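A short write-up of the structure that comes next.
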2 protein chains.
Amino acid sequence: MTIADGDSATLHRPDPETARDRVAAAVAAENLVTVFGRCTVEYEGRAASTLGPGDRLVVLKPDGTALVHTDEGQKPVNWQPPGCTHEASVADGEFRILSRRASPEERLVVAFERVEQLSTFDVTDRNDLALQGTEEDLRQRVLDDPDLVEAGFRPLATERETPAGAVDIYGKDRDGATVVVELKRKRVGPDAAGQLSRYVEALDRELHADAEIRGFLVAPSVTERARELLAEKGLEFVSLGPPE
Amino acid sequence: MTIADGDSATLHRPDPETARDRVAAAVAAENLVTVFGRCTVEYEGRAASTLGPGDRLVVLKPDGTALVHTDEGQKPVNWQPPGCTHEASVADGEFRILSRRASPEERLVVAFERVEQLSTFDVTDRNDLALQGTEEDLRQRVLDDPDLVEAGFRPLATERETPAGAVDIYGKDRDGATVVVELKRKRVGPDAAGQLSRYVEALDRELHADAEIRGFLVAPSVTERARELLAEKGLEFVSLGPPE
DNA sequence: CGATGGATATCGCAC
DNA sequence: GTGCGATGTCCATCG
């Protein structure tokens, strides 16, 4: 059974050969494909996994993405990233989807005992997502009002390169001492303190050995472990949360 | 138009009221819901975003997950994690889905200009994913053959607690010196070297100051920056990739 | 291509 | 609930 028009088409309980032909055509036409049914899944690549029979929703995107969703969780239980090639086939009387990635070599096989529904959609989406509350927003706030870090702070560069990586904000304090600012949009753990410490140490080596270098971690809050690590390394913390 | 049986039901271009009623019933029945159509999306919570009109696939799971997928990318363009409540409504003549999270407060609103297809599925899946090639597998390999780290290495504990966190493997070398092993299943960067360094320093403080403590990073490979950091801290690296 | 670090990360576990 | 670390993390950016 089929419902179709220019934008979508749906098969209800297609036989394996029909499912194969429809998916093959949809992949060739760069349509979005959804398949719901009872299936097993095997993956082999960076890791390997097997998944016994169950009802799942499989999504194939025109960009080469494959997703296998169960009834639980935000993350797909199995997947392939964009850029993969999708093939449909029938083997042992079962409809199968094979998704392959070239580098690194990865294979995903979904074998359907039963296909409950198979849909294809002609999809185009040119609207971009506008996101607020990011680290970039936080950086802009600090650049607009450097006193938020410390009275007299003067930013001189963003993304300044060091041997340990790029520093979020680089500048001078009121006394001319070098300042390194690491921004985090949410509560931070020991990793952020370690990251800031590496930047300070890298600049310590790069600049004159007698130059004072101060490291600031700017975030809404820190964990206790991170606070200890900052104190130990002589780094400073500035609490700055999202606006409002 | 409707196709239905015990396991699934599909509406093709339903009007807003019909879509609302069907989604409300499916959410109450803890069914999986997919909606494809032209919609706008607004999100507000940990961050905030708006997304203009476009064709997207929306998935509502019985565990309270919501996903909004475009034609590109593995990750949903917008989403809500498990545990949210989903509501269907009609406002300004449009079918809308509202997904709410209590803590932290987060809202996702999908407003459909047009619903191309709406499907509901009665989904059961009690099979768990069996994954190989994880860090746990690597740990088992090292415990089975500690000489992989170094001839004479004797593991004494896993997940041994330190003030800086739990050490993957703790033990002694052939001369009785304390050994800390950090395992990584893939190529590592500076963060892993920093992590191992924190463990070694924490044990250095906890144990006698004169006790020698050796830190091993076991991973398939390291980046150049991580290698430098390891050398600087006097830590050792053992190359151990996935089997075959 | 690899390296680096962010993310509404998600997820699981320990406390 | 928070804290912490793993993830087939994904993803953009940069060299």
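Letters go in sequence order (proteins before strands), and every chain restarts at 1. Since the structure is predicted, the reported quantities are computational estimates derived from the model, not experimental observations.
Of the side-chain N and O atoms in A/Lys184, none sit less than 4.0 angstrom from OP1 or OP2 of C/dG5. Proximity of B/Lys186 to the phosphate of D/dT9: a side-chain N or O atom is located under 4.0 Å from OP1 or OP2. In this structure, A/Thr134 does not reach the C/dT8 phosphate: none of its side-chain N or O atoms is under 4.0 Å from OP1 or OP2. The shortest distance between the side-chain N/O atoms of A/Arg185 and the OP1/OP2 oxygens of C/dT8 is not below 4.0 Å. Distances shorter than 4.0 Å separate some side-chain N or O of B/Arg46 from OP1 or OP2 on C/dA9. Of the side-chain N and O atoms in B/Ser49, none sit less than 4.0 angstrom from OP1 or OP2 of C/dT8. Taking 4.0 angstrom as the limit, B/Trp79 places none of its side-chain polar atoms (N or O) nearer than this to OP1 or OP2 of C/dA9.
Between the side chain of B/Asp191 and the base of C/dG5 there is no donor-acceptor pair of N/O atoms closer than 3.5 Å.
Distance A/Glu182 CD to C/dG5 P: 9 Å, rounded to the nearest Å. If you take CG of B/Leu138 and P of D/dT7, they are 9 Å apart, rounded to a whole angstrom. For the pair A/Leu67 CG and D/dG8 P, the computed distance is 15 Å after rounding to whole Å. The nearest whole Å value for the distance from the CD atom in B/Gln195 to the P atom in D/dG3 is 18 Å. Going from atom CD of B/Glu224 over to atom C1' of D/dG15 covers 15 Å, rounded to whole Å. Put simply, CZ on A/Arg227 is 17 Å from C1' on D/dC4, counting in whole angstrom units. Remark: C1' of D/dG8 and OH of A/Tyr43 are 4 Å apart, rounded to the nearest angstrom. Look at CD on B/Glu159: it is 15 Å from P on D/dC4, rounded to the nearest Å.
Among the nucleotides C/dT8, D/dG8, D/dC10, the one closest to the side chain of B/Ala47 is C/dT8. Among the nucleotides D/dT2, D/dG8, C/dT8, the one closest to the side chain of A/Arg187 is D/dT2. Distance from the side chain of B/Glu106 is smallest for C/dT8 among the nucleotides C/dG6, C/dG5, C/dT8. The side chain of A/Gln74 lies closest to C/dT10 when the candidates are C/dT10, D/dG8, C/dA7.
Counting any heavy atom pair closer than 4.0 Å across all strands shown, A/Pro76 reaches no nucleic acid atom. Among the heavy atoms of the strands lying under 4.0 Å from B/Pro82 are primed sugar atoms or P, OP1, OP2 only; no base atom is included. Nucleic acid contact for B/Gln80: none, since no nucleic acid atom lies under 4.0 Å from a heavy atom of the residue. Heavy atoms of B/Ala164 sit under 4.0 angstrom from primed sugar atoms or phosphate atoms, though from no base atom.
Using a 4.5 Å cut-off on side-chain heavy atoms (C-beta onward), A/Val179 and A/Phe153 make contact. Using a 4.5 Å heavy-atom threshold, the side chains of B/Glu182 and B/Gln195 count as touching. With contacts defined as side-chain heavy-atom distances shorter than 4.5 Å, the pair A/Leu51/A/Val77 qualifies.
Annotation: C/dT8 and C/dT4 have their P atoms spaced 23 Å apart (nearest Å). The same atom, C1', is picked in D/dT7 and in D/dC11; the two are 14 Å apart, to the nearest Å. On the C1' atoms, C/dA9 is 13 Å away from C/dG5, given to the nearest whole Å.
Classification of B/Arg139 and B/Glu159 as a salt-bridged pair holds, one side-chain N sitting under 4.0 Å from a carboxylate O. A salt bridge does not link A/Arg198 to A/Glu201: none of the charged nitrogens lies less than 4.0 Å from a carboxylate oxygen. B/Arg160 has a carboxylate O that lies under 4.0 Å from a charged side-chain N of B/Glu206, or vice versa, which qualifies the two as a salt bridge.
Ranked by how close their nearest DNA chain D nucleotide is to the 5' end, A/Ala226 and B/Gly73 are led by A/Ala226. For the pair A/Arg101 and B/Tyr199, nearest-nucleotide mapping onto DNA chain D gives the more 5' position to B/Tyr199. Summary of the strand contacts: A/Asp168 and B/Pro81 both lie near DNA chain C, and taking for each the nucleotide with the nearest heavy atom, the more 5' one is attributed to A/Asp168. Position along DNA chain C of the nearest nucleotide to B/Pro190 versus B/Ala48 favours B/Pro190 as the more 5'-ward residue.
Without hydrogens or angle criteria, B/Arg225 side chain to A/Pro163 main chain gives a donor-acceptor distance under 3.5 Å.
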